[in-house]
J.: 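Input: one structure, supplied below.
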Amino acid sequence: MSRSRQYWLMKSEPLVFSIEDLARAPKRTTCWDGVRNYQARNFMRAMKPGDQVLFYHSNANPPAIVGIAEVAGAAYPDPTQFERSHKHFDPASDPAAPRWDMVDIRYVRTFATPISLDSLRTEKALVGMALLQKGSRLSVQPVTNGEWEYILKLATV
DNA sequence: GCCAACGTTGGC
DNA sequence: GCCAACGTTGGC
(Lines give C-alpha, C1' and ligand atoms only; values in the text may rest on other atoms or scores of the structure.)
Protein backbone atom coordinates (compact mmCIF):
# COMPACT_ATOMS: atom_id res chain seq x y z
CA MET A 1 0.00 0.00 0.00
CA SER A 2 1.56 3.31 -0.99
CA ARG A 3 1.09 6.55 0.82
CA SER A 4 1.78 10.13 -0.07
CA ARG A 5 5.11 11.67 0.67
CA GLN A 6 5.68 12.68 4.25
CA TYR A 7 7.80 15.46 5.68
CA TRP A 8 10.44 15.52 8.38
CA LEU A 9 13.08 17.68 9.99
CA MET A 10 16.50 16.40 10.97
CA LYS A 11 19.08 18.24 13.03
CA SER A 12 22.81 18.17 12.54
CA GLU A 13 25.61 20.20 14.03
CA PRO A 14 27.38 21.78 11.06
CA LEU A 15 30.77 21.37 12.72
CA VAL A 16 30.09 17.64 12.76
CA PHE A 17 28.14 17.23 9.53
CA SER A 18 26.76 20.16 7.52
CA ILE A 19 24.53 20.35 4.49
CA GLU A 20 27.66 21.22 2.52
CA ASP A 21 29.16 17.94 3.67
CA LEU A 22 26.04 16.18 2.41
CA ALA A 23 26.25 17.95 -0.95
CA ARG A 24 29.87 16.81 -1.31
CA ALA A 25 29.31 13.25 -0.12
CA PRO A 26 29.55 10.31 -2.55
CA LYS A 27 26.21 10.08 -4.39
CA ARG A 28 25.27 13.14 -2.28
CA THR A 29 24.06 10.59 0.25
CA THR A 30 24.91 9.74 3.83
CA CYS A 31 23.72 7.32 6.46
CA TRP A 32 22.20 9.05 9.45
CA ASP A 33 23.88 7.04 12.17
CA GLY A 34 24.20 7.79 15.85
CA VAL A 35 20.58 8.45 16.77
CA ARG A 36 20.07 7.05 20.29
CA ASN A 37 16.62 8.29 21.15
CA TYR A 38 13.59 6.03 20.85
CA GLN A 39 11.21 8.66 19.58
CA ALA A 40 13.64 9.79 16.91
CA ARG A 41 14.29 6.18 15.98
CA ASN A 42 10.59 5.50 15.64
CA PHE A 43 10.21 8.45 13.29
CA MET A 44 13.06 7.09 11.15
CA ARG A 45 11.34 3.72 11.06
CA ALA A 46 8.24 5.47 9.73
CA MET A 47 10.19 7.08 6.88
CA LYS A 48 9.77 5.96 3.29
CA PRO A 49 11.96 6.57 0.25
CA GLY A 50 11.11 9.92 -1.28
CA ASP A 51 9.98 11.51 1.95
CA GLN A 52 11.30 15.07 2.17
CA VAL A 53 13.51 16.36 4.96
CA LEU A 54 14.25 19.85 6.23
CA PHE A 55 17.95 19.95 7.06
CA TYR A 56 18.50 21.93 10.26
CA HIS A 57 21.80 23.21 11.62
CA SER A 58 21.82 23.06 15.42
CA ASN A 59 24.54 24.53 17.61
CA ALA A 60 25.10 26.92 14.73
CA ASN A 61 25.22 30.67 14.42
CA PRO A 62 22.45 31.17 13.79
CA PRO A 63 20.63 27.88 14.18
CA ALA A 64 18.61 27.54 10.97
CA ILE A 65 16.91 25.38 8.39
CA VAL A 66 19.46 25.39 5.61
CA GLY A 67 18.02 23.22 2.87
CA ILE A 68 16.31 20.03 1.82
CA ALA A 69 17.25 16.38 1.68
CA GLU A 70 15.22 13.30 0.93
CA VAL A 71 14.96 9.85 2.37
CA ALA A 72 16.86 7.43 0.14
CA GLY A 73 15.70 4.17 1.70
CA ALA A 74 13.88 2.51 4.54
CA ALA A 75 15.41 2.31 8.00
CA TYR A 76 17.95 -0.41 8.76
CA PRO A 77 20.13 -1.28 11.75
CA ASP A 78 22.84 1.24 12.66
CA PRO A 79 26.07 -0.79 12.71
CA THR A 80 27.81 1.62 15.09
CA GLN A 81 25.71 0.29 17.97
CA PHE A 82 27.78 -2.91 17.82
CA GLU A 83 31.23 -1.31 17.47
CA ARG A 84 32.82 -1.51 20.86
CA SER A 85 35.18 1.39 20.28
CA HIS A 86 32.54 3.61 18.76
CA LYS A 87 31.18 6.65 20.54
CA HIS A 88 27.65 5.36 19.98
CA PHE A 89 28.34 1.76 21.01
CA ASP A 90 25.40 0.30 22.91
CA PRO A 91 26.38 -2.81 24.89
CA ALA A 92 22.71 -3.50 25.64
CA SER A 93 21.71 -3.83 22.00
CA ASP A 94 21.18 -7.42 20.85
CA PRO A 95 22.46 -8.14 17.33
CA ALA A 96 19.51 -10.50 16.88
CA ALA A 97 17.16 -7.59 17.56
CA PRO A 98 19.06 -4.36 16.99
CA ARG A 99 17.83 -1.49 19.11
CA TRP A 100 18.93 1.38 16.87
CA ASP A 101 18.15 2.06 13.23
CA MET A 102 19.23 4.68 10.72
CA VAL A 103 18.18 5.86 7.27
CA ASP A 104 20.08 7.08 4.23
CA ILE A 105 19.55 10.72 3.33
CA ARG A 106 20.23 12.26 -0.08
CA TYR A 107 20.96 15.92 -0.78
CA VAL A 108 18.28 17.87 -2.65
CA ARG A 109 19.13 21.55 -2.35
CA THR A 110 20.49 24.33 -0.19
CA PHE A 111 18.37 27.40 0.44
CA ALA A 112 19.81 30.64 -0.95
CA THR A 113 19.21 32.09 2.51
CA PRO A 114 19.03 29.94 5.64
CA ILE A 115 15.78 30.30 7.58
CA SER A 116 16.94 31.10 11.07
CA LEU A 117 15.31 29.82 14.23
CA ASP A 118 14.58 33.44 15.16
CA SER A 119 12.73 34.11 11.92
CA LEU A 120 10.75 30.87 12.26
CA ARG A 121 9.61 32.02 15.68
CA THR A 122 8.08 35.16 14.18
CA GLU A 123 5.75 33.15 11.93
CA LYS A 124 2.29 32.70 13.42
CA ALA A 125 1.62 29.81 11.05
CA LEU A 126 4.46 27.86 12.66
CA VAL A 127 3.71 28.23 16.37
CA GLY A 128 2.74 24.57 16.57
CA MET A 129 5.91 23.33 14.90
CA ALA A 130 7.74 20.70 16.96
CA LEU A 131 11.06 22.52 16.48
CA LEU A 132 9.70 25.64 18.17
CA GLN A 133 8.27 24.02 21.29
CA LYS A 134 9.96 24.88 24.54
CA GLY A 135 12.53 22.31 25.50
CA SER A 136 12.27 20.50 22.18
CA ARG A 137 15.41 18.48 21.66
CA LEU A 138 14.27 15.77 19.32
CA SER A 139 16.78 15.38 16.49
CA VAL A 140 14.29 13.77 14.10
CA GLN A 141 10.80 15.28 13.94
CA PRO A 142 7.72 15.10 11.75
CA VAL A 143 6.70 18.21 9.81
CA THR A 144 3.09 18.72 8.74
CA ASN A 145 2.12 19.34 5.12
CA GLY A 146 1.08 22.87 6.05
CA GLU A 147 4.36 23.60 7.81
CA TRP A 148 6.30 22.21 4.87
CA GLU A 149 4.51 24.35 2.30
CA TYR A 150 4.79 27.44 4.45
CA ILE A 151 8.53 26.98 5.01
CA LEU A 152 9.20 26.38 1.33
CA LYS A 153 7.49 29.67 0.57
CA LEU A 154 9.72 31.38 3.13
CA ALA A 155 12.71 29.78 1.45
CA THR A 156 11.97 31.41 -1.86
CA VAL A 157 11.10 34.87 -0.55
C1' DG B 1 30.76 28.25 29.31
C1' DC B 2 26.14 28.27 31.35
C1' DC B 3 22.05 26.18 32.22
C1' DA B 4 17.10 24.71 31.36
C1' DA B 5 14.74 20.93 29.67
C1' DC B 6 14.48 16.40 28.79
C1' DG B 7 15.49 11.19 28.58
C1' DT B 8 17.51 7.27 30.79
C1' DT B 9 19.17 4.50 34.51
C1' DG B 10 19.04 2.13 38.63
C1' DG B 11 18.28 1.78 43.71
C1' DC B 12 14.62 1.01 46.57
C1' DG C 1 6.37 2.29 40.24
C1' DC C 2 8.78 6.22 42.22
C1' DC C 3 12.26 9.38 41.88
C1' DA C 4 17.10 11.08 42.44
C1' DA C 5 21.14 11.16 39.90
C1' DC C 6 23.19 11.56 35.79
C1' DG C 7 24.07 12.49 30.84
C1' DT C 8 22.76 14.98 26.72
C1' DT C 9 20.86 18.58 23.82
C1' DG C 10 21.08 22.93 22.14
C1' DG C 11 20.00 27.94 22.58
C1' DC C 12 22.13 31.72 24.35
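Each chain gets a letter, A, B and so on, in the order its sequence line appears, and its residues count up from 1.
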J.: Using the closest heavy atom to pick a nucleotide of DNA chain B for each, name whichever of A:S136 or A:R99 lands nearer the 5' end.
T.: A:S136
J.: Are any of A:K11's side-chain N or O atoms less than 4.0 Å away from OP1 or OP2 of C:dG10?
T.: yes
J.: Do the side-chain N or O atoms of A:Y38 get closer than 4.0 angstrom to the phosphate oxygens (OP1, OP2) of B:dC6?
T.: no
J.: Nearest of C:dG11, B:dA5, B:dT9 to any side-chain atom of A:Y56?
T.: C:dG11
J.: So A:W32 and A:F17, would you call those rings parallel, tilted or perpendicular, with 30° and 60° as cut-offs?
T.: perpendicular
J.: Rounding to an integer number of Å, can you tell me how far A:K134 NZ sits from B:dA4 C1'?
T.: 8 Å
J.: Which nucleotide wins on minimum distance to the side chain of A:D118, given the candidates C:dC12, B:dG7, B:dA5?
T.: C:dC12
J.: How close do A:D21 and A:V16 get, heavy atom to heavy atom, and via which atoms?
T.: OD2-O, 4.2 Å
J.: Rounded to whole Å, how long is the line connecting atom CG of A:N59 with atom C1' of C:dT8?
T.: 11 Å
J.: Expressed as a whole number of angstroms, how long is the span from A:D90:CG to B:dT9:C1'?
T.: 12 Å
J.: Please report, rounded to the nearest Å, how far the C1' atom of C:dG10 is from the CD atom of A:Q141.
T.: 12 Å
J.: Which whole-number value in Å describes the distance from A:R36 CZ to B:dC6 C1'?
T.: 19 Å
J.: Given atom CG of A:L138 and atom C1' of C:dT8, what is their separation to the nearest angstrom?
T.: 13 Å
J.: Can you tell me the distance, in whole Å, between the CG atom of A:L131 and the P atom of B:dA5?
T.: 17 Å
J.: Judged by modelled atom types alone, do A:S116 and A:S119 share a side-chain donor-acceptor pair under 3.5 Å?
T.: yes
J.: Find the distance A:E13:CD to C:dG11:C1' and express it as a whole number of Å.
T.: 12 Å
J.: When only distance counts, do a donor and an acceptor, one from the side chain of A:R137 and one from the base of C:dT8, lie under 3.5 Å apart?
T.: yes
J.: Taking all heavy atoms of A:P63 and all of A:Y56, pick out the closest pair and write down the distance.
T.: CB-OH, 3.3 Å
J.: Between A:S58 and A:R137, is any side-chain donor less than 3.5 angstrom from a side-chain acceptor?
T.: no
